[in-house]
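First up is the structure itself, then whatever we jot down about it.
This one's a predicted model, so the numbers in the text were calculated from it and none came from an experiment.
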Amino acid sequence: IETATTDEGKLTLATGVLAYQGEPLWDSVFDDDEQTVSLHRWNWLLRALVEDADKASVGWGLSLVRSWMARKMARKDGLAWQPYTTGERISNVCLFLALAKNGGERDNAGIGVPVDVAGALHEMARYLAGRIEYHRVEFTGNHVINNARALFFAGQTLREPAYSDLALAILDNDLPHLVSADGFLREGSSHYQLLFTRWVLEMLWLAERTGHRDVHARLLDVAPSLVRQCWFFLVPAGKQGNWAFPLFGDVSPDFPWEWLIGLPWSTLARRYFDPGDGSKRPTWRGWSDLWEPAADLPVSDAEPKAHEKFRMFPKSNWYRVDWGR
């Protein structure tokens with residue numbers, strides 16, 4: 001594998017950044033394992049598209065990906081090769097190659113993957129396919145859908161139907177257990193409600209783009225209710241028109257909550273559910289900026305409609321009371 005020099009820069013990790021000269025130190029170990037695995041999940045590719053778009057070209061990303069491949073593909077062990085981390089790596093690089101600038105313009109004609117990177121993605125997908133994160137029904141959580149997302153991205157990107165077929169089988173088997181009829185993620189985490197919805201929206205986007213009708217139809221069963229319940233958690237924050245949500249349950253270490261706060265306003269989400277209440281989008285930059293620059297999103301001047309003071313979903317164990325401020 002030919003490894004290009006990456007000059008100098010920084011990678012945004014779970015907490016803070018890793019600065020580098022020449023190439024990052026891929027064997028870096030931090031006191032917090034979540035910081036360590038964030039180096040290998042490649043979320044920094046997508047963060048760069050939003051936070052440093054002028055630098056985050058396809059060439060920049062591929063030079064870092066090849067640098068990692070040269071040092072971490074041979075031995076598939078340790079934190080870098082945990083199933084969730086491997087799945088994140090697959091999905092994030094596929095999204096990056098689809099959305100990054102290529103020659104100064106976004107390349108929306110197709111997901112182009114160089115031969116060496118495609119070979120590495122095949123290895124990762126085969127590795128993940130043998131390590132799906134199944135436990136007993138009551139203990140199989142959101143990770144299995146993250147596994148499915150990675151396999152679907154690998155299958156559609158590499159034109160390998162076996163990966164996509166496995167992803168569809170996982171979705172058929174596990175979505176009914178993980179998402180309540182009301183549209184809440186069973187695990188009871190407000191942060192994962194948005195994170196899980198992000199995964200579903202990304203798979204829907206890919207299914208539409210590549211014409212996979214079965215995956216599209218399966219996800220369409222849950223997408224509107226998942227997006228709807230993202231709004232359930234949103235609360236006004238400050239006088240600048242921003243929003244926040246209380247952090248109930250598990251909190252994903254992959255990125256701060258602000259990265260996902262704009263999801264319900266994104267074009268991907270609004271095609272499945274839009275409350276139509278005139279609520280202004282938040283000013284935080286993040287995931288939704290991958291799909292359209294914040295400046296291009298419509299901002300309503302209308303006052304949002306008053307929500308019911310009591311919202312109750314007893315079958316999903318969620319209740320909300322709005323009282324004063």
Side-chain angles (χ1 to χ4, degrees), residues 1-4 40-46 49 56-76 80-102 106-133 143-173 198-219 268 290-291:
I1 299 170
E2 181 180 351
T3 305
H40 305 293
R41 290 177 179 175
W42 297 1
N43 287 308
W44 37 263
L45 285 170
L46 301 185
L49 286 178
S57 65
V58 168
W60 169 86
L62 286 176
S63 68
L64 288 165
V65 165
R66 286 177 168 132
S67 172
W68 187 96
M69 288 163 52
R71 284 150 183 82
K72 303 300 292 185
M73 284 298 297
R75 292 187 59 183
K76 297 177 178 59
W81 284 91
Q82 290 177 337
Y84 184 93
T85 294
T86 302
E88 279 287 282
R89 193 159 56 242
I90 293 170
S91 299
N92 287 329
V93 72
C94 289
L95 275 168
F96 175 82
L97 292 174
L99 299 174
K101 292 180 180 179
N102 190 359
R106 279 197 172 186
D107 176 16
N108 290 317
I111 303 177
V113 183
V115 173
D116 59 331
V117 178
L121 287 174
H122 270 295
E123 283 192 50
M124 294 180 202
R126 284 194 297 268
Y127 179 89
L128 177 61
R131 294 163 176 81
I132 303 301
E133 294 179 84
H143 280 208
V144 78
I145 301 302
N146 188 274
N147 300 160
R149 166 176 167 254
L151 290 167
F152 186 56
F153 267 93
Q156 297 306 99
T157 300
L158 301 172
R159 295 178 175 84
E160 179 51 72
Y163 300 144
S164 298
D165 291 346
L166 180 52
L168 177 60
I170 294 170
L171 296 174
D172 284 340
N173 189 70
R198 169 206 168 179
W199 298 342
V200 168
L201 293 176
E202 289 173 350
M203 285 189 282
L204 275 167
W205 170 81
L206 183 62
E208 290 180 359
R209 181 173 180 171
T210 59
H212 201 297
R213 295 180 180 179
D214 291 338
V215 166
H216 187 271
R218 187 65 191 87
L219 294 171
L268 294 189
L290 292 171
W291 311 100

For a 4.5 angstrom cut-off between non-hydrogen side-chain atoms, does [X] reach [Y]?
X	Y	result
Gln156	Arg209	no
Asn173	Val144	no
Leu95	Leu290	no
Cys94	Leu206	no
Trp205	Trp291	yes
Leu64	Trp42	no
Ile145	Met203	yes
Trp68	His40	yes

Would you name the heavy atoms of [X] and [Y] that are closest together and state the gap between them?
X	Y	value
Leu151	Ala167	CB-CB, 4.2 Å
Ala56	Leu49	O-CD2, 3.6 Å
Leu45	Gly61	CD2-CA, 3.9 Å
Met124	Trp81	CG-CH2, 3.8 Å
Ala150	Leu128	CB-CD2, 3.7 Å

Between atom [atom1] of [X] and atom [atom2] of [Y], what is the distance when rounded to the nearest 0.5 Å?
X	Y	atom1	atom2	value
Trp199	Arg149	CH2	CZ	7.0 Å
Ile170	Glu133	CD1	CD	10.0 Å
Arg198	Leu268	CZ	CG	11.0 Å
Leu166	Asn147	CG	CG	9.0 Å
Asn146	Ile90	CG	CD1	9.5 Å

List the residues meeting side chain to side chain contact (heavy atoms under 4.5 Å, CB included) with [X], not counting sequence neighbours, and say none if there are none.
X	answer
Leu62	Val58, Arg66, Leu97, Pro114, Val117
His122	Arg126, Leu158, Glu160, Tyr163
Ala207	Phe152, His212, Val215, His216

Using the test side-chain hydrogen bond (donor to acceptor under 3.5 Å, both in side chains), find all partners of [X] that sit at least two apart in sequence or belong to another chain.
X	result
Arg218	Asp172, Asp221
Gln82	none
Arg213	none
Ser91	none

Taking the six-membered ring for Trp, are Trp60 and Trp44 parallel (under 30°), tilted (30 to 60°) or perpendicular (over 60°)? perpendicular

Counterpart residues, salt bridge (charged side-chain N to carboxylate O under 4.0 Å, His left out), relative to Arg89 (two or more places apart): none

Side chain of Asn92, backbone of Arg41: donor and acceptor closer than 3.5 Å? yes

Give the intermediate values and the outcome of side-chain contact (heavy atoms from CB on, under 4.5 Å) for residues Tyr84 and Arg131. CA-CA 10 Å; Tyr84 184 93; Arg131 294 163 176 81; over 6 Å; no

